[in-house]
Amino acid sequence: MCVPSTSPPPVIGRFAPSPTGPLHVGSLVAAVASYAMARRQGGLWLVRMEDLDTPRVVPGMADDILRTLECLGFDWDGDIMQQSLRADAYGAALQRLLAAGHAYPCGCSRAEIARAATAPHDGDGEIPYPNLCRGGLLPGKEPRSFRVRVPAEPVEFTDLVMGPQRHDLAAICGDFVIKRADGLFAYQLAVVVDDEAQGVTQVVRGADLLSSTPRQIVLQRLLGFDTPAYAHVPLVTGPGGGKLSKRDNALSLAAGRDLTREGGLLLLTALRFLGQSPPAELAGAPGARVLQWAAGNFDPLAIPTAAAPFHASP
C-alpha cells in the first residue's frame with residue numbers, strides 16, 4: 001500500500017533584483033538572508049529578474065547582476081524568470097479580477113486624484129485613492145488604469161522578522177493600481193502572479209517593501225493563491241542615516257569591482273549585519289565557503305529589526 005508522505009513541502013525562496021542599476025550592499029543583504037533562510041531548510045532558492053518597468057531598465061544590467069551573484073558564490077535553482085516576458089500571465093490575472101468584480105477601470109489622472117483627495121496622506125507622498133471611479137467611470141472619462149478594490153477591514157499578518165503587522169489599506173492607499181496608465185502591469189500584481197507560478201513559499205526581502213506585503217496579500221486572497229511566509233530584513237543606511245541608493249556601494253563587475261578577492265569579506269559583513277556570528281576562521285575564505293556556512297548555521301531569530309550602516313571589515 002502506498003502511504004502518502006507526511007513531510008512538509010520544501011521551502012522555496014527567491015531573490016528578485018531589478019536591473020535598473022547594479023547590485024549594491026543593500027540588495028546583497030537581502031540576497032544573503034533569502035539564500036540562507038531557504039538553504040538552511042533544504043529548500044530551493046530561485047532568482048527572478050524584475051524587469052517589468054522597461055523604461056527604467058539599464059541595458060546589460062541583468063547580466064551584470066547575475067554574473068555578480070555567481071562571482072560572490074551564489075548558486076540558484078532552475079531558470080531565471082523574467083517579468084518582461086510574462087505580460088500574458090499578468091493580463092490573465094487582471095481579467096480574472098475584473099470578471100469577479102474585484103477590479104475596475106479608472107480614468108483619473110494623478111492631478112485629479114490630488115485635487116479630490118480629502119484624507120491626509122503619509123510621509124511617502126502617497127494619496128489614498130478617493131474612489132472617484134469605484135462605482136463606474138466618470139462621464140466623459142476613458143480608462144487610463146485599472147485598480148483593485150481593497151477591503152474595508154485591515155490586513156493582518158506576522159512578519160518573521162518585524163513581528164505582527166496591521167495595515168489599513170483603505171486609509172493608507174485606497175484602491176491601488178494593478179495596471180498603469182502607460183500600459184505596464186504594476187509591480188504588486190506581477191509579483192503575486194510570479195510567486196504563485198514559481199511556488200514560492202518564503203519571501204525574504206528588505207524592509208522598504210514591508211508596505212507592499214498587505215497589498216500583495218489582498219491580491220493573493222482575491223485570486224485564490226496561497227500566501228507565502230514573509231520576512232523583511234532591516235535596511236542598510238547610507239550617508240546621514242538615509243536609505244542606501246543604488247548609486248551607493250555598487251557591487252558591479254562591469255564597474256571593475258574585484259569580487260573574487262573581496263566577495264568573502266562582503267558576505268561576512270552581510271551576515272554580521274543580519275545578527276549572525278560567523279567564525280573567525282572564515283576570514284579570507286571565498287564567497288562560496290561563507291555561503292556554505294550560512295546555509296548550515298543561519299539563525300533567523302538573531303536578525304535585528306533596526307536599520308544600520310554597512311561597514312566591511314575583516
Side-chain angles (χ1 to χ4, degrees), residues 11-17 22-47 65-77 159-163 201-210 229-238 241 243-246 248-253 257-314:
V11 169
I12 301 179
R14 48 83 160 173
F15 177 58
L23 205 70
H24 58 78
V25 295
S27 48
L28 175 65
V29 166
V32 169
S34 63
Y35 181 89
M37 286 182 66
R39 294 295 196 220
R40 68 183 285 273
Q41 301 175 78
L44 304 179
W45 190 67
L46 312 177
V47 173
I65 290 172
L66 294 176
R67 291 191 300 114
T68 297
L69 290 172
E70 287 179 327
C71 193
L72 287 167
F74 287 96
D75 62 293
W76 55 83
D77 299 286
D159 187 85
L160 297 177
V161 174
M162 299 297 177
T201 62
Q202 179 178 268
V203 175
V204 183
R205 56 192 181 188
D208 55 328
L209 291 171
L210 182 60
Y230 286 97
H232 290 84
V233 299
L235 294 179
V236 176
T237 56
K243 178 183 173 183
L244 192 75
S245 75
K246 288 198 173 187
D248 296 324
N249 296 306
L251 307 180
S252 172
L253 293 177
R257 194 92 183 241
D258 186 358
L259 298 178
T260 301
R261 179 180 60 83
E262 61 178 323
L265 172 59
L266 288 166
L267 292 169
L268 287 170
T269 305
L271 285 168
R272 295 187 188 106
F273 178 89
L274 290 163
Q276 310 303 304
S277 301
E281 57 263 29
L282 281 178
R289 185 178 165 200
V290 175
L291 289 170
Q292 182 181 34
W293 179 89
N297 298 275
F298 195 86
D299 179 9
L301 297 179
I303 301 174
T305 58
F310 185 98
H311 296 304
S313 59

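- No side-chain donor-acceptor contact under 3.5 Å links Thr201 to the backbone of Val11.
- When all heavy atoms of Pro234 and Ile303 are compared, the pair lying nearest together is CD-CG2, 3.8 Å.
- The OG1 atom of Thr68 sits 7.0 Å away from atom CG of Leu251, with the distance rounded to the nearest 0.5 Å.
- Residues satisfying the side-chain hydrogen bond (donor to acceptor under 3.5 Å, both in side chains) test with Arg40, not counting sequence neighbours, are none.
- Between Leu266 and Phe310, the shortest heavy-atom contact is O-CZ, 3.7 Å.
- Within the 4.5 Å cutoff, the side chain of Tyr230 has heavy atoms near those of the Arg205 side chain.
- Expressed to the nearest 0.5 Å, how far CG of Leu267 lies from CG of Leu291 amounts to 5.0 Å.
- Residue pairs satisfying the salt bridge (Lys or Arg N to Asp or Glu O under 4.0 Å) criterion with at least one member in residues 24-37, sequence neighbours excluded, are absent.
- Applying the side-chain hydrogen bond (donor to acceptor under 3.5 Å, both in side chains) test to Ser34 and every residue at least two apart in sequence or in another chain returns Trp45.
- Residue Ala207 comes nearest to His232 through the heavy atom pair CA-CB, 3.9 Å, listed as atom of the first residue, atom of the second, then distance.
- Separating the CZ atom in Phe74 from the CG atom in Leu66 is a distance of 12.5 Å, to the nearest 0.5 Å.
- The CG atom of Leu271 sits 9.0 Å away from atom CG of Leu282, with the distance rounded to the nearest 0.5 Å.
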Practice problem: Show your reasoning for whether side-chain contact (heavy atoms from CB on, under 4.5 Å) applies to Leu28 and Leu72. | Solution: CA-CA 10 Å; Leu28 175 65; Leu72 287 167; 3.8 Å; yes
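- Considering CD of Glu70 and CG of Asp75, their distance stands at 10.0 Å, rounded to 0.5 Å.
- Going from atom OG1 of Thr269 over to atom CG of Leu274 covers 11.0 Å, rounded to the nearest 0.5 Å.
- Across all non-hydrogen atoms, the minimal contact from Ala270 to Val32 is CB-CG2, 4.0 Å.
- Nearest heavy atoms, Thr305 versus Met162: O-CE, 3.5 Å.
- Residues meeting the side-chain hydrogen bond (donor to acceptor under 3.5 Å, both in side chains) test with Gln202, sequence neighbours left out: Gln41.
- For residues 274-301, no residue pair satisfies the side chain to side chain donor-acceptor pair (under 3.5 Å) rule, not counting sequence neighbours.
- Looking at residues two or more places apart in sequence or on another chain, you find no salt bridge (charged side-chain N to carboxylate O under 4.0 Å, His left out) involving Asp159.
- Here the side chains of Phe273 and Val25 are not in contact, with every heavy-atom distance at 4.5 Å or above.
- The shortest heavy-atom contact between His24 and Gly26 is ND1-N, 2.9 Å.
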